[in-house]
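Since the structure comes first, as structure tokens, the remarks are kept for the end.
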There are 2 protein chains.
Amino acid sequence: MAYRETKKTRKHKEQVHKQILSVARAAVAEGGFAAVQMSSVAAAAGLATGTLYRHFPSKAELLAEVFRRVTKREVQVMTEIAGSDGAAPSRLGDAVEVFARRALQSPVLAYALIFEPVDTLVDDERLAFRRSYAVVLGRIIDDGIKSGTFPAQNTSVVANCIVGALAEALIGPLVDKTPTTCREREAEIRAIVTFCLNAVSGNQKGIA
Amino acid sequence: MAYRETKKTRKHKEQVHKQILSVARAAVAEGGFAAVQMSSVAAAAGLATGTLYRHFPSKAELLAEVFRRVTKREVQVMTEIAGSDGAAPSRLGDAVEVFARRALQSPVLAYALIFEPVDTLVDDERLAFRRSYAVVLGRIIDDGIKSGTFPAQNTSVVANCIVGALAEALIGPLVDKTPTTCREREAEIRAIVTFCLNAVSGNQKGIA
DNA sequence: ATTTAAAATGAATTAGGATTCATATCTTGG
DNA sequence: CCAAGATATGAATCCTAATTCATTTTAAAT
């Protein structure tokens, strides 16, 4: 009798879905979550505002989905590094460095992912994101402890500290918006990596 | 002819001003900045909403003032520690420990000061707050470098990293809202202090 | 007691963007 | 081409607090 879902329609629907996500993602990368407005996203995607709501139940869900997608990629990259072979210190250094490098590459996006508060949904995702990072780092550290390269330590606290150190060190310059040179950035990355490696390898356990 | 400002009226005005700040501060400590509503503050202070606006030009300014006050105290505490005599590692350890301890004492307030985004005014204050902290820590580290206790390093980056590590490590548990025991908290504080001391004292500079 | 002006009141206004929904436009199978 | 149902549209509606302001109350000085 009438209209059935068809390969063609399904495909189109998916296209639009993707298109919306892509536009929203671009908006976040451009100005952070705060800069995303449903009407702007719709306009940029060549759709009417209402149309967004037939793909996403709410703005919050749309943003959460954007967050999830971007984040997934980041964690994958990190996970790969963690799983590569090589000594724990080298892997840890790589992981930290890659994190730093990627964040400095898209600073607004990095800020949005790491800090910018939005709403409960996204905040939950952010929490999960940070935890994922900490878990990946924690695995490397555990490996190092097992193999005797690192001294015994409270892995999860240490992993969280590293995530925080990274976040803070990277966000500071972002906010200062002093247009740092490439050379300065490299020096900063090296300082951060050193900081983290020292923290994990150190032998000051007795002091505290 | 009429109404002049008088000792009595001025005193009263100050009282109300203080009262508003106090109520607002309590609201922040209770539920973060997001939980503050002008009408609630007014009600809690026994005033009409409009009255708040004769003491503060806007909600943003009120919150910024609350932030400034709380923050000032924290930085003072930290500055005292930094200025005390004793070896750099011991002072650094104390500073980190005190920060951690105070934050765990009033977790919601700590979250609000360290993370919660509000508006431009407060965010600027937060930036200044973090920078103050980093500056204080940086001084200790510089002392340590001068006296040969710590190896040479990029003081400002390292100081930022410490602030971040502290923030992250302290906020994580807050959000998890697992009711940690006192013992666990102590262990965590120790882990954080160790982490920071290791990071600053480490000798892995060549690795990165 | 009265005048003058500050201070307080709180209901009404405002603002800005998310969300809805009646209407119009497509798609599909017959 | 038609009927039936899915989709798309975007102007109108809703929501939520901050902010305003006409009115009332209070304090000071004469």
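The chains referred to below are lettered A, B, ... by the order of the sequence lines, with proteins before strands, and numbering in each begins at 1. As the structure is a prediction and not an experimental result, all values here were calculated from the model.
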Legend entry - Lys/Arg-Asp/Glu bridge criterion (N-O < 4.0 Å) met for B/Arg101, B/Glu186: yes

Legend entry - Expected output: side-chain B/Lys18 to main-chain B/Lys13 donor-acceptor under 3.5 Å: no

Inset, instruction - Would you mind reporting whether B/Asp119 and B/Val122 have side-chain heavy atoms less than 4.5 Å apart? - result: yes

Inset, instruction - Taking only heavy atoms on the protein side, list every residue of residues 6-37 of chain A lying under 4.0 Å from any atom of DNA chain C, sorted numerically. - result: A/Thr6, A/Lys8, A/Thr9, A/Val36, A/Gln37

Legend entry - B/Met38 CE - C/dA11 P separation (whole Å): 17 Å

Inset, instruction - State whether A/Arg68 and A/Glu65 are salt-bridged, where the test is any N-O pair (Lys NZ or Arg NE/NH1/NH2 against Asp/Glu carboxylate O) under 4.0 Å. - result: yes

Inset, instruction - Compare all side-chain heavy atoms of A/Val135 with those of A/Arg139 and state whether any distance is below 4.5 angstrom. - result: yes

Inset, instruction - Between A/Thr51 and B/Tyr53, just flag the one whose closest nucleotide in DNA chain D comes earlier from the 5' side. - result: A/Thr51

Inset, instruction - In whole angstrom, give the distance that lies between atom NZ of A/Lys59 and atom C1' of C/dA18. - result: 8 Å

Legend entry - Charged N-O contact under 4.0 Å between A/Arg91 and A/Asp143: yes

Inset, instruction - May I have the distance from B/Leu62 (atom CG) to D/dA17 (atom C1'), rounded to whole angstrom? - result: 15 Å

Legend entry - Among C/dG10, C/dT19, C/dA7, the nucleotide that comes nearest once only the side chain of A/Thr49 is considered: C/dT19

Legend entry - Proximity to the side chain of A/Leu47 - top-ranked nucleotide from C/dT19, D/dT19, D/dT9: D/dT9

Legend entry - Value in whole Å for how far the P atom of C/dA7 lies from NE2 of B/His55: 8 Å

Inset, instruction - Tell me which of B/Pro57 and B/Glu5 sits closer to the 5' end of DNA chain D, going by the nucleotide each one is nearest to. - result: B/Pro57

Legend entry - Nearest-Å distance for atom pair CG/P, residues A/Leu52 and C/dC21: 17 Å

